[in-house]
Amino acid sequence: MTQQGLAPKYDPSSIEAAVYRRWLDTDAFAASVDSDREPYVIVIPPPNVTSVLHMGHGLNNTVQDVLIRYQRMRGRETLWLPGTDHAGIATQNVVERMIAQDGKRRQDLGREAFVERVWEHVHQTGESIIEQLKALGCSCDWSRTRFTLDDAYSTAVRRVFVQLHDEGLIYRGHRVIHWCPRCLTSLSDEEAEFRDRDDYLYYITYPFVDGETTEDPTRSGVVVATTRPETMFGDVCLVFHPEDERFQGLEGRLVEIPLSGVEIPIDRSTAVEQDFGTGMLKVTPAHDANDFDIAASLPTDYETPDTMTPDAHMAQVPRVPESLRGVDRDEARKRIVEALEQEGLLEKVEPYRHAVRLCYRCHTVVEPRLSDQWFVRMRPLAERALAAYHAGHLRFVPERWGKVYENWLTEIRDWNISRQLWWGHRIPAWYCDACDHITVAFDEPTGCEQCGGALRQDEDVLDTWFSSWLWPFATMGWPDETADLARFYPGHTLVTGPDIIFFWVARMVMAGYHFVGERPFDTVYLNGIVRDPLHRAFSKSLGNGIDPLEVVERYGADALRFTIVAGAASGTDVVMDRNHMDSTFAAGRNFANKLWNAARLVLQNVTDEPEPIDRLDPAQFELADRWILSRCQRVVAETTDALERFRLNDAANHVYHFVWDELADWYLEQVKPRLYGHADGGNVARAILIDVFETALHLLHPIMPFISEELWAHLPGTPETVLAGCAWPSPDERLIDAEAERQFAVVQAVVTGVRTVRAEYRVPPGATLTATVAPATAEALQAINAEQVTIQRLGKLSELAVSDSAEGVGGHAVLPDGTSLLVPLGDAIDVAKECERLRDEMNRLDAQIGRVAKKLANDQFVSRAPAQVVEREREKERTWREQREALAAKLAALGC
RNA sequence: GGGCGAAUAGCUCAGCUGGUCCAGAGCGCCUGCCUUACAAGCAGGAAGUCGGGGGUUCGAAUCCCUCUUCGCCCACCA
């Protein structure tokens with residue numbers, strides 16, 4: 001596979017497609033039900049088929065791919081199950097907008113034709129989404145791609161509905177729900193978002209109609225405060241708190257709803273807050289959920305008059321004054337307020353800030369509406385999900401999100417699952433025209449199960465989340481007992497955004513336990529949100545988003561992935577600026593190019609497969625060799641540890657700094673003379689270089705799969721497989737060489753010191769720079785047989801003389817004309833500062849040791865504290881004493 | 001009303017169990033370099049009293065209290 005001549009610049013577009021094809025051709029992502037490997041499963045949060053992917057998906061899916069690729073290399077049987085969500089209301093809205101361009105509404109097409117039109121749309125977007133995921137490098141098992149409206153999936157949905165109904169956990173309820181007057185459907189509590197709004201509180205007088213007045217002669221009625229005067233025609237009574245002394249004796253009195261002449265009584269309810277408004281509350285059961293509950297709690301059997309149409313206009317009913325019928329709710333409010341003012345019934349208006357609820361899809365203000373809907377009784381389902389969390393069977397990363405999950409489940413309310421839409425799973429319930437019986441069945445019944453009468457199916461569809469919550473197992477063939485289900489359920493990690501903890505995460509846990517009897521995953525990793533420089537979430541309407549595909553085209557998938565992973569600690573938001581694309585993605589792009597060029601150097605100088613390093617004679621290793629091998633082992637350990645702990649940004653940065661700062665900046669420079677044949681030991685250098693570089697490619701692969709795969713294929717001696725399927729490296733303890741690390745650090749300090757001097761004092765090229773160093777440094781250099789250290793990067797200024805006869809720190813440069821220039825060496829090896837620092841350190845250590853010693857000398861402590869605790873203290877004392885000795889030695893060496 | 005989070009270099013952010021990653025990274029900025037892997041680069045450099053104030057400690061960016069400023073989530077005071 002070895003080829004020569006990589007281009008001097010990395011061009012991702014020239015390799016990515018071919019690399020991805022290689023993965024597919026080798027079935028690298030296919031999950032086997034037969035292998036004996038331990039499984040590792042992630043189910044994708046199915047993107048909505050509303051449209052193509054945005055940067056949030058880029059982030060989410062990159063994280064998943066990093067995890068899945070890492071586990072695959074660790075030898076797990078990995079399944080990343082891909083798919084898409086039909087996204088009921090969202091998709092229907094999108095298509096409605098599309099046909100609106102032709103001046104059509106869905107009603108014009110009719111249900112069947114409209115649904116057909118939606119299918120057309122989702123076939124397109126669904127396909128694009130899959131292609132986008134591939135462009136990002138996602139290693140999903142495409143043979144298992146699912147869609148929430150697949151036939152098999154629909155079977156699961158219907159089965160669940162019927163089961164819950166049989167269990168008494170689904171019921172038909174008559175109550176006030178959130179209604180979007182634009183989408184013309186009901187919404188769940190979660191789908192009605194809160195938004196603070198500056199509004200007004202109107203104080204309206206309801207005049208008495210039974211002749212008497214209050215003690216106050218100026219008042220001939222009671223005043224009620226409301227934010228929604230337009231609902232007043234639906235009032236059925238006024239209530240005050242039974243203990244409110246201001247209104248004693250008013251119970252049973254009749255007042256008139258202004259502008260309408262409808263008479264309603266005054267009643268009492270403990271639900272009233274005496275301190276709010278006037279303490280008198282109007283009760284509108286059909287247009288306010290609380291009012292509905294209050295009315296229901298009163299002894300009187302009040303009516304529930306509906307005075308508004310589904311699209312939020314005043315209804316054509318007697319209660320509504322004729323002049324207002326058919327008027328939009330906002331316009332109606334205006335007119336009502338004006339009219340009240342004219343009649344002297346508007347006592348006052350106060351500015352009032354409060355939260356209104358908006359439709360989460362179209363942001364229209366939601367209208368509370370009394371209707372019949374299907375509900376899921378959630379409490380019984382929630383208990384198991386809550387218990388699992390408390391028992392530690394479910395973990396959140398970062399942990400704090402667990403509280404959000406816990407809180408929602410604790411306060412859980414029944415779930416309205418019916419939607420008055422056309423796009424979605426039709427509810428498997430049939431109404432009988434003859435009797436009132438409702439038949440719920442998995443297969444379409446032939447007649448009413450009660451009376452055999454003719455049936456018509458419920459027109460509504462199910463909430464899109466009612467199918468999503470089954471995703472972890474419905475995608476694997478449930479309710480059938482499939483091989484996939486047996487092998488890959490329960491799964492392991494769920495990667496998603498914190499905004500859908502209620503909508504999706506908690507519900508999946510509930511469904512998993514209830515229907516399959518096991519948790520769907522053990523860890524929930526919450527990624528952040530992608531934001532613009534003003535910290536606004538990306539959104540279509542703001543036009544601030546960045547198309548991930550555009551980034552892939554310009555900088556490559558790896559650059560995008562690296563930027564995302566390195567820039568986003570778990571749960572923190574990622575800021576991207578579409579106006580500064582170059583700098584936003586510079587880190588990833590530059591790094592990919594660096595790697596590419598490091599590979600060029602390697603490949604130009606290593607054409608044959610070198611000896612494995614364990615067959616080399618370690619005696620031939622130079623300091624730099626031992627150093628880079630040791631550092632390599634450490635970075636393997638660090639990267640592994642970071643990935644295990646879901647600290648993806650740490651993993652990315654560890655490899656980054658190893659490759660760039662250590663491998664490229666120091667080791668590659670150090671081996672050049674050997675590679676070029678200017679020095680002996682070329683074979684050793686080549687062997688170690690390949691070994692280390694290959695290891696780096698492995699570590700990089702989960703984060704930057706394309707470039708690592710491509711470069712790996714070019715290395716001499718690479719087997720005919722793909723890197724994606726290779727084993728993750730494990731650190732070789734025998735190669736850890738702390739002494740080499742220490743010595744090389746000294747070399748680096750000296751070299752850097754010399755460079756600093758050269759730069760600061762403008763020592764011209766060709767001059768010899770003699771550095772005079774502190775005794776300790778000289779000692780270190782001598783210990784590595786460095787009477788004279790040659791530093792390649794200094795080029796023409798290559799000589800560094802070391803002397804241990806120095807008084808203090810300094811150096812002198814000999815210019816080409818023979819003149820000598822005395823210069824200091826800088827902070828790197830400043831004896832005075834170092835001494836000060838060490839003494840400080842020493843004092844602290846002494847204090848610590850003193851404290852621990854005192855503790856351990858205390859019999860009470862030693863005898864009563866748990867053995868582990870005492871042992872830990874002893875351990876502390878030992879290590880600190882060791883540190884102290886080392887410090888003392890350093891101080892002595894420095895001569896201070 | 002309740003809860004959560006954030007405040008560290010010009011910008012975006014790391015900093016896990018208080019003490020060798022203790023002041024960091026990337027981008028930006030300044031100086032000098034086209035040194036045959038890389039100018040998407042190399043070498044060097046400037047830059048932060050870690051939001052303010054208290055406290056605990058031998059020692060605090062890190063723990064506690066408080067204040068200020070932002071952000072998010074939940075919530076039936078109409």
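No hydrogens, no waters, no symmetry mates; every other heavy atom, side chains included, goes into these values. Throughout, a chain's letter reflects where its sequence line sits, starting with A, and its residues are numbered from 1.
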Atom-to-atom span, [atom1] of [X] to [atom2] of [N] - whole angstrom:
X        : N     : atom1 : atom2 : value
A:Arg645 : B:A14 : CZ    : C1'   : 14 Å
A:His714 : B:A37 : NE2   : P     : 18 Å
A:Met576 : B:C13 : CE    : C1'   : 13 Å
A:Asp650 : B:C21 : CG    : C1'   : 12 Å
A:His654 : B:C16 : NE2   : P     : 13 Å
A:Gln604 : B:C38 : CD    : C1'   : 11 Å
A:Tyr667 : B:A37 : OH    : P     : 16 Å
A:Ile529 : B:C4  : CD1   : P     : 19 Å

TODO: Assess whether side chain to side chain donor-acceptor pair (under 3.5 Å) is satisfied between A:His354 and A:Asp196, documenting all intermediate values.
DONE: CA-CA 5 Å; A:His354 67 142; A:Asp196 269 349; over 6 Å; no
In the structure shown, which nucleotide is the Watson-Crick or G-U wobble counterpart of [N], with both distances under 3.5 Å?
N     : answer
B:G59 : none
B:A6  : B:U69
B:C50 : none
B:C29 : B:G45

- [ ] Going 5' to 3' through nucleotides 24-29 of chain B, assign each nucleotide B (protein heavy atom under 4.0 Å from a base atom), S (under 4.0 Å only from sugar-phosphate atoms) or - (no protein heavy atom that close).
- [x] -SSS--
Task: Residues, nucleotides or ligands: over 12 heavy atoms within 6.0 Å of A:His580 NE2 - done: no
Task: Exceeds 12 heavy-atom contacts within 6.0 angstrom, atom OH of A:Tyr203 - done: yes
Quantified in whole Å, what is the [atom1] atom distance between nucleotide [N] and nucleotide [M]?
N     : M     : atom1 : value
B:G18 : B:C63 : P     : 8 Å
B:G54 : B:U62 : P     : 14 Å
B:C70 : B:C58 : C1'   : 37 Å

Atom pairs, protein N/O to nucleotides 69-75 of chain B N/O, distance under 3.5 Å:
unit_1	atom_1	unit_2	atom_2	d
B:A75	OP1	A:Arg413	NH2	3.1

Open item on the list: Return whichever of A:Thr226 or A:Asp11 has its heavy-atom-nearest nucleotide of RNA chain B closer to the 5' end.
Closed with: A:Asp11
TODO: Map A:Lys403 and A:Phe591 onto RNA chain B by nearest heavy atom, then report which one ends up closer to the 5' terminus.
DONE: A:Lys403
Any side-chain heavy-atom pair from [X] and [Y] closer than 4.5 angstrom?
X        : Y        : result
A:Met581 : A:Ile546 : yes
A:Leu601 : A:Lys672 : yes
A:Tyr405 : A:Phe502 : no
A:Met232 : A:Thr226 : no

Base, sugar-phosphate, or nothing: which does [X] touch, judged by heavy atoms less than 4.0 Å apart?
X        : answer
A:Val283 : nothing
A:Phe562 : nothing
A:Arg228 : nothing
A:Lys282 : nothing
A:Ala599 : nothing

- [ ] Please assess A:Lys348 against A:Glu350 for the test salt bridge (charged side-chain N to carboxylate O under 4.0 Å, His left out), listing each intermediate value before the final yes or no.
- [x] CA-CA 7 Å; A:Lys348 61 177 174 176; A:Glu350 282 176 354; 3.2 Å; yes
Of the candidate nucleotides [options], which contains the atom at the shortest distance from the side chain of [X]?
X        : options             : value
A:Asn649 : B:A14, B:A78, B:A40 : B:A14
A:Asn593 : B:C38, B:A78, B:A37 : B:C38
A:Asp665 : B:A37, B:A43, B:A78 : B:A43
A:Arg600 : B:C16, B:A78, B:C38 : B:C38
A:Arg400 : B:C38, B:A78, B:C4  : B:C4

Open item on the list: If the cut-off is 4.0 Å, is A:Lys672 near the phosphate of B:A37, judged by side-chain N/O to OP1 or OP2?
Closed with: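 For B:A37, OP1/OP2 do have a side-chain N/O of A:Lys672 under 4.0 Å.
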Task: Contact under 4.0 Å: A:Tyr352 side-chain N or O vs B:C77 OP1/OP2 - done: no
Open item on the list: Measuring centre to centre across the rings, with the benzene-like ring taken for any Trp, is A:Tyr10 within less than 6.0 Å of A:Trp596?
Closed with: yes
Open item on the list: Taking the ring centre of each residue, are A:Tyr360 and A:Phe503 less than 6.0 Å apart?
Closed with: yes
Task: Selection: residues 285-295 of chain A, any non-hydrogen atom under 4.0 Å of RNA chain B - done: A:Asn290
TODO: Report the distance from atom CG of A:Asp267 to atom CD1 of A:Ile294, rounding to the nearest 0.5 Å.
DONE: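 Those atoms lie 10.5 Å apart.
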- [ ] Test side chain to side chain donor-acceptor pair (under 3.5 Å) on A:Glu741 and A:Ser630 and set out the steps.
- [x] CA-CA 7 Å; A:Glu741 288 181 21; A:Ser630 183; 2.4 Å; yes
TODO: For the pair A:Tyr656 and A:Phe591, name the ring-plane relationship: parallel under 30°, tilted 30 to 60°, perpendicular over 60°.
DONE: tilted
Open item on the list: Whether the side chain of A:Arg600 engages the backbone of A:Leu595 through a donor-acceptor N/O pair (distance < 3.5 Å, no angle test) should be reported.
Closed with: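 Flag not set: sc A:Arg600 to bb A:Leu595 has no pair under 3.5 Å.
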Open item on the list: At less than 3.5 Å, do the side-chain atoms of A:Glu669 and the base atoms of B:A43 form a donor-acceptor pair?
Closed with: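 By the distance-only test, no, there is no pair.
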